[in-house]
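Comments concern the structure below.
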Amino acid sequence: MTAPVFVVEHFNAGGGGHYVLDGAEGRHAVSVKRLRPGEDVVLTDGAGRWADCVVLGTEGKDRLIVQMDSVTEEPPEEPRITVVQALPKGDRGELAVETMTETGVDAIVPWAAARCITQWKGDRGQKALAKWRSTAREAGKQSRRVRFPEVAGAMTSKQVAALLATADLAAVLHEDTEHGTEPFATAQLPTSGSIVLVVGPEGGISPEEIELFTGVGAKTFHLGRTVLRTSTAGTVATALLLARTGRWS
């Protein structure tokens with residue numbers, strides 16, 4: 001079993017490299033995980049910096065004392081994979097974020113597509129975004145990542161088009177094979193730079209959105225013979241990209 005991961009804001013260890021993990025993360029380590037002296041843990045800022053540590057002891061219910069000897073920086077992976085995720089119904093958005101994070105996506109962009117039933121407005125939108133970000137953080141810890149995916153604010157279709165225009169590969173998953181889509185499994189992939197992948201809502205991407213996206217250079221692709229749910233397609237496509245680009249080798 002790999003060492004559990006905990007998130008910290010800084011890596012300032014005291015004398016002898018002793019570091020105190022407290023607050024909510026310390027409480028989870030002491031009272032939930034019940035870590036004991038001699039066990040290994042990983043501390044990370046979620047942005048690529050991390051440290052292997054060994055538990056020295058505990059204080060109370062929320063303070064874990066560890067030995068931290070050095071801090072390492074994990075460089076960003078290439079090509080960078082961003083999934084533009086149309087807003088699903090209910091808790092399927094969190095499911096999509098969780099599984100994409102566990103798989104290895106680098107960034108997630110919530111998208112208010114024309115055919116989305118769910119709309120993020122006002123306080124409700126802010127709460128939903130916070131939930132996505134919290135889900136990415138927890139899934140990053142669970143999957144032992146030290147660089148968590150960035151979750152951007154919700155974008156409009158025009159903003160998504162601007163993002164696609166900057167990508168080395170701009171891909172739109174579109175199940176309408178009559179539109180002339182190509183198999184994503186055989187798409188020509190860049191070895192560096194960025195890949196931006198658009199996943200539409202349950203009702204599909206509108207013709208106007210397809211025209212907007214292809215107008216900035218995006219290509220349309222299909223994953224296979226079956227139609228995946230919006231909460232599943234991004235994870236499947238990310239796994240395919242990670243395998244084909246060599247990031248999983």
Side-chain angles (χ1 to χ4, degrees), residues 7 9 44-49 74-143 145-173 190 192-202 205-206 209 212-213 216-218 230-239 241-242 247:
V7 179
E9 294 182 0
T44 181
D45 61 2
R49 299 185 71 209
E74 179 181 274
E77 299 264 19
E78 287 206 37
R80 175 180 169 86
I81 300 171
T82 298
V83 174
V84 177
Q85 174 67 59
L87 304 177
K89 295 181 292 184
D91 61 358
R92 288 189 173 274
E94 289 87 76
L95 174 63
V97 171
E98 180 180 60
T99 54
M100 285 191 288
T101 298
E102 292 173 358
T103 304
V105 75
D106 300 300
I108 300 169
V109 177
W111 172 35
R115 293 176 177 173
C116 283
I117 295 175
T118 299
Q119 295 293 327
W120 287 3
K121 295 180 180 179
D123 290 342
R124 179 182 178 184
Q126 291 301 314
K127 289 179 181 178
L129 177 59
K131 212 168 185 181
W132 279 34
R133 288 174 172 167
S134 175
T135 299
R137 171 187 166 111
E138 293 308 310
K141 291 165 55 179
Q142 187 278 330
S143 55
R145 291 182 61 167
V146 297
R147 187 178 290 276
F148 302 161
E150 301 168 15
V151 180
M155 288 190 181
T156 64
S157 295
K158 287 185 178 179
Q159 290 172 320
V160 171
L163 179 64
L164 288 168
T166 67
D168 294 283
L169 172 63
V172 180
L173 295 184
S192 60
S194 67
I195 296 173
V196 177
L197 175 70
V198 175
V199 178
E202 297 290 353
I205 303 174
S206 72
E209 289 165 336
L212 177 64
F213 296 158
V216 297
T230 185
S231 54
T232 307
T235 300
V236 172
T238 297
L241 288 171
L242 291 168
R247 282 181 50 173

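Computed over heavy atoms, backbone and side chain alike; hydrogens, waters and symmetry mates excluded.
Here the closest heavy-atom approach between residue Ala161 and residue Leu212 is recorded as CB-CG, 3.8 Å. For the residue pair Asp168 and Ser192, the shortest heavy atom distance occurs at OD2-O, 4.1 Å. Here the closest heavy-atom approach between residue Arg80 and residue Ala107 is recorded as NH2-CB, 3.4 Å. Between Ala86 and Cys116 the shortest heavy-atom distance is CB-SG, 3.9 Å.
Side-chain contact check for Thr135 versus Thr101: every heavy-atom pair is 4.5 Å or farther apart. A 4.5 Å side-chain heavy-atom check between Ile205 and Trp111 finds at least one atom pair inside the cut-off. Under the 4.5 Å side-chain criterion, counting only non-hydrogen atoms from C-beta, Val7 is in contact with Arg137. Two residues are said to be in side-chain contact when any heavy atoms from C-beta on lie closer than 4.5 Å; Ile195 and Pro190 meet this criterion. Using a 4.5 Å heavy-atom threshold, the side chains of Val196 and Val84 count as touching. In this structure, the side chains of Val151 and Leu129 come closer than 4.5 Å at one or more pairs of heavy atoms.
Side chains of Glu209 and Ser157: a donor on one and an acceptor on the other come within 3.5 Å.
Remark: Trp120 CH2 to Gln126 CD distance equals 9.5 Å, nearest 0.5 Å. With rounding to the nearest 0.5 angstrom, the CD atom of Gln119 is 6.5 Å from the CG atom of Leu87. Here the CG-CG distance, from Leu197 to Leu169, works out to 8.5 Å after rounding to the nearest 0.5 Å. In this structure, OG1 on Thr238 lies 12.5 Å from CD on Glu102, to the nearest 0.5 angstrom. In this structure, Glu94 CD and Ser134 OG are separated by 9.5 Å, a value rounded to the nearest 0.5 Å. To the nearest 0.5 angstrom, Thr235 atom OG1 is 9.5 Å from Glu98 atom CD.
Judged purely by atom type and a 3.5 angstrom limit, Arg92 has no side-chain atom pairing as donor or acceptor with the backbone of Thr230. Using modelled atom types, one side-chain atom of Glu78 and one backbone atom of Gly193 make a donor-acceptor pair closer than 3.5 Å. A donor-acceptor pair is defined here as one N or O able to donate and one able to accept, closer than 3.5 Å; such a pair exists between the side chain of Arg147 and the backbone of Glu74. Asp106 contributes no side-chain N or O that, together with a main-chain N or O of Thr82, makes up a donor-acceptor pair within less than 3.5 Å. A donor-acceptor pair is defined here as one N or O able to donate and one able to accept, closer than 3.5 Å; no such pair exists between the side chain of Arg115 and the backbone of Glu202. The main-chain N or O of Gly93 is never found under 3.5 Å from a side-chain atom of Ser231 such that the two would form a donor-acceptor pair.
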Determine whether Met100 and Thr103 satisfy the following criterion, side chain to side chain contact (heavy atoms under 4.5 Å, CB included), listing intermediate values before the conclusion. CA-CA 5 Å; Met100 285 191 288; Thr103 304; 5.6 Å; no
Evaluate the side chain to side chain contact (heavy atoms under 4.5 Å, CB included) criterion for residues Val109 and Val83: first the C-alpha distance (whole Å), next the side-chain angles of each, then the deciding distance (0.1 Å), finally the verdict.
CA-CA 6 Å; Val109 177; Val83 174; over 6 Å; no
* **Stepwise side chain to side chain contact (heavy atoms under 4.5 Å, CB included) test for Leu242 and Ile81** => CA-CA 9 Å; Leu242 291 168; Ile81 300 171; 3.9 Å; yes
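Between Arg133 and Glu138, none of the side-chain N atoms (NZ, or NE/NH1/NH2) sits under 4.0 Å from a carboxylate O, so this pair counts as no salt bridge.
Separation of the Phe148 and Trp132 ring centroids does not fall under the 6.0 Å cut-off.
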